[in-house]
Protein chains: 2
Amino acid sequence: MELIIAISYTDGMELSEIEAFMTIQLVGSCTKAAEAMHLSQPAISRRIELLERKLGVPLFERLSSGIRLSEVGRAFLPHARQVLAAIEDGHAVRLLIEKLRDEQDRQEI
Amino acid sequence: MELIIAISYTDGMELSEIEAFMTIQLVGSCTKAAEAMHLSQPAISRRIELLERKLGVPLFERLSSGIRLSEVGRAFLPHARQVLAAIEDGHAVRLLIEKLRDEQDRQEI
DNA sequence: CTCCCTTACGAAGGCCGTAACGATT
DNA sequence: AATCGTTACGGCCTTCGTAAGGGAG
């Protein structure tokens, strides 16, 4: 008999939200981030709001001039970077394996 | 004048998909993973299918007896682990900062 | 017949974009 | 007036769950 109660690592966070966080931080505003991600401003704004709700703390300070990383946001930043870096590494592994497989196939012919 | 063409790190991958991948790998089947994640089997099956489509390669081999990690899946595994670990670290940072802030507040009273 | 995953399909919910708003320079 | 982010709202699209399908022991 096996018993598994629950497994959850992410509390519902999604990469699209973390991506929005990183992009805003990188380009300095929601407007530019929206442009860079080919989305509307409200879409970006909502993603950040969702992420903040899931974390339970604000990641940005809302100033009249725009938005700026909060203290928590600055602390969260390196972890967000790590998440996205791990994703890119995953992609890289896939590409590597595809290449190796191609070479294998070529030898078998 | 500034020019930002596009920013994308994830190719549309989402944490819910990676979470499903990890859970299946952990518990050994879609059925058990669905139970653990409080979702239906088809939901899990679809998430994996989506993830595989976004990566462009199959992560599991489908056997009549169930599903098992493919070669690519095994290579992807440590990166998936790293992604989820980074997420959990992010949570930890948030909690730490909340705690510090509480203590600050208490001193200010 | 049972187990496991996939496919089909209808329904619910989430996310997007446009538009309008409030605040600041 | 212009910039920037948020709120409101209608619509689409995605994802879910139930149910049915198909292969293997």
Side-chain angles (χ1 to χ4, degrees), chain A residues 1-4 6-55 57-70 72-73, chain B residues 1-4 6-55 57-70 72-73:
Chain A
M1 149 125 193
E2 304 183 45
L3 180 60
I4 297 169
I7 292 182
S8 178
Y9 313 86
T10 62
D11 278 5
M13 272 190 277
E14 289 294 354
L15 288 178
S16 54
E17 296 157 5
I18 294 175
E19 207 172 1
F21 169 78
M22 279 299 295
T23 306
I24 293 176
Q25 179 273 328
L26 197 65
V27 302
S29 81
C30 278
T31 306
K32 289 185 203 162
E35 190 181 341
M37 297 179 73
H38 297 295
L39 288 169
S40 66
Q41 284 141 343
I44 301 298
S45 194
R46 273 186 301 252
R47 285 185 182 187
I48 294 301
E49 191 198 330
L50 277 173
L51 182 54
E52 289 176 326
R53 191 172 306 171
K54 287 165 187 171
L55 279 167
V57 288
L59 294 170
F60 292 95
E61 293 167 5
R62 272 74 173 178
L63 311 172
S64 59
S65 58
I67 83 181
R68 205 163 298 280
L69 270 182
S70 68
V72 182
Chain B
M1 148 135 191
E2 305 183 44
L3 180 60
I4 297 169
I7 292 182
S8 177
Y9 312 87
T10 62
D11 278 4
M13 272 191 277
E14 290 293 357
L15 288 178
S16 54
E17 296 156 6
I18 296 175
E19 207 172 1
F21 169 77
M22 279 299 295
T23 306
I24 293 176
Q25 180 272 326
L26 197 66
V27 302
S29 81
C30 278
T31 306
K32 289 185 204 161
E35 191 181 340
M37 297 180 72
H38 298 295
L39 288 169
S40 65
Q41 284 141 343
I44 300 299
S45 195
R46 273 186 301 253
R47 286 187 181 185
I48 293 302
E49 190 198 331
L50 278 173
L51 182 55
E52 289 176 325
R53 192 173 304 170
K54 287 165 187 173
L55 278 168
V57 289
L59 295 169
F60 291 96
E61 294 168 5
R62 272 74 172 178
L63 312 171
S64 59
S65 59
I67 83 182
R68 204 162 299 282
L69 270 182
S70 69
V72 182

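Lettering of chains follows the sequences in order, A, B, ..., and the numbering in each one begins at 1. Worth knowing before you read on, the calculation uses all heavy atoms, side chains too, and leaves out hydrogens, waters and symmetry mates.
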Check your understanding: With distance as the sole test, does B:T23 use its side chain to make a donor-acceptor pair with the main-chain N or O of B:A33 at under 3.5 Å?
Key -> no
Exercise for review: For A:L59 and D:dG5, give me the distance from atom CG to atom P, rounded to whole Å.
Suggested key: 15 Å
Check your understanding: Checking all strands, does A:I44 fall into the base, sugar-phosphate, or nothing category for heavy-atom contacts under 4.0 angstrom?
Key -> nothing
Review point. What's the closest nucleotide to the B:R47 side chain, out of D:dC16, C:dC16, C:dA19?
Key: D:dC16
Practice item. Nearest whole angstrom, please: distance from the C1' of D:dT15 to the NZ of B:K54. Key: 11 Å
Practice item. For A:E35 and D:dT3, give me the distance from atom CD to atom C1', rounded to whole Å. Key: 14 Å
Practice item. Mind calculating the distance between CD (B:E14) and P (C:dG14) to the nearest angstrom? Key: 15 Å
**Study point:** A:T31 and A:Q41: side chain donor to acceptor below 3.5 Å
**Key:** yes
Study note, to complete from the structure: note: A:M37, atom CE; C:dC15, atom P; distance rounded to Å ~ 14 Å
**Study point:** Interatomic distance, A:I67 CD1 vs D:dG5 P [rounded to whole Å]
**Key:** 6 Å
Check your understanding: Atom CD1 of A:I24 and atom P of D:dG5: how far apart are they, to the nearest Å?
Key -> 8 Å
Review point. Does A:R46 make a side-chain donor-acceptor contact with the base of C:dG14, cut-off 3.5 Å?
Key: no
Practice item. Would you indicate what A:L50 reaches in the nucleic acid, counting non-hydrogen atoms under 4.0 angstrom: base, sugar-phosphate, or nothing? Key: sugar-phosphate
Practice item. Check B:E19 against A:Y9 and note the closest heavy-atom contact, atom names and distance. Key: OE2-N, 2.7 Å
Exercise for review: Determine the contact category for A:L63: base if any of its heavy atoms lies under 4.0 Å from a base atom, sugar-phosphate if only primed atoms, P, OP1 or OP2 are that close, otherwise nothing.
Suggested key: nothing
Check your understanding: What nucleotide among C:dC5, C:dT18, D:dG5 has an atom nearest to a side-chain atom of B:C30?
Key -> C:dC5
Check your understanding: At under 4.0 Å, does any side-chain N or O of A:S40 touch on OP1 or OP2 of C:dG17?
Key -> yes
Point to revise | Nearest-neighbour nucleotide for the B:S29 side chain, C:dA19, D:dG5, C:dC5 considered | key: C:dC5
Review point. For DNA chain D, whose closest nucleotide is more 5', that of A:E49 or that of A:G66?
Key: A:G66
Practice item. Provide, to the nearest angstrom, the distance between the CD atom belonging to A:E61 and the P atom belonging to D:dG5. Key: 14 Å
Point to revise | Side-chain N,O (A:S64) to OP1/OP2 (D:dT3) below 4.0 Å | key: no
Review point. When you match A:Q41 and A:E17 each to their closest nucleotide on DNA chain C, which lands nearer the 5' end?
Key: A:E17
Check your understanding: Does a salt bridge link B:E14 with B:R47, judged by any charged N lying under 4.0 Å from a carboxylate O?
Key -> no
Review point. Side chain of B:T31: nearest nucleotide among C:dC5, D:dG5, D:dC16?
Key: C:dC5
Exercise for review: Check whether any side-chain N or O of B:R62 sits under 3.5 Å from a backbone N or O of B:F60 as a donor-acceptor pair, and report yes or no.
Suggested key: yes
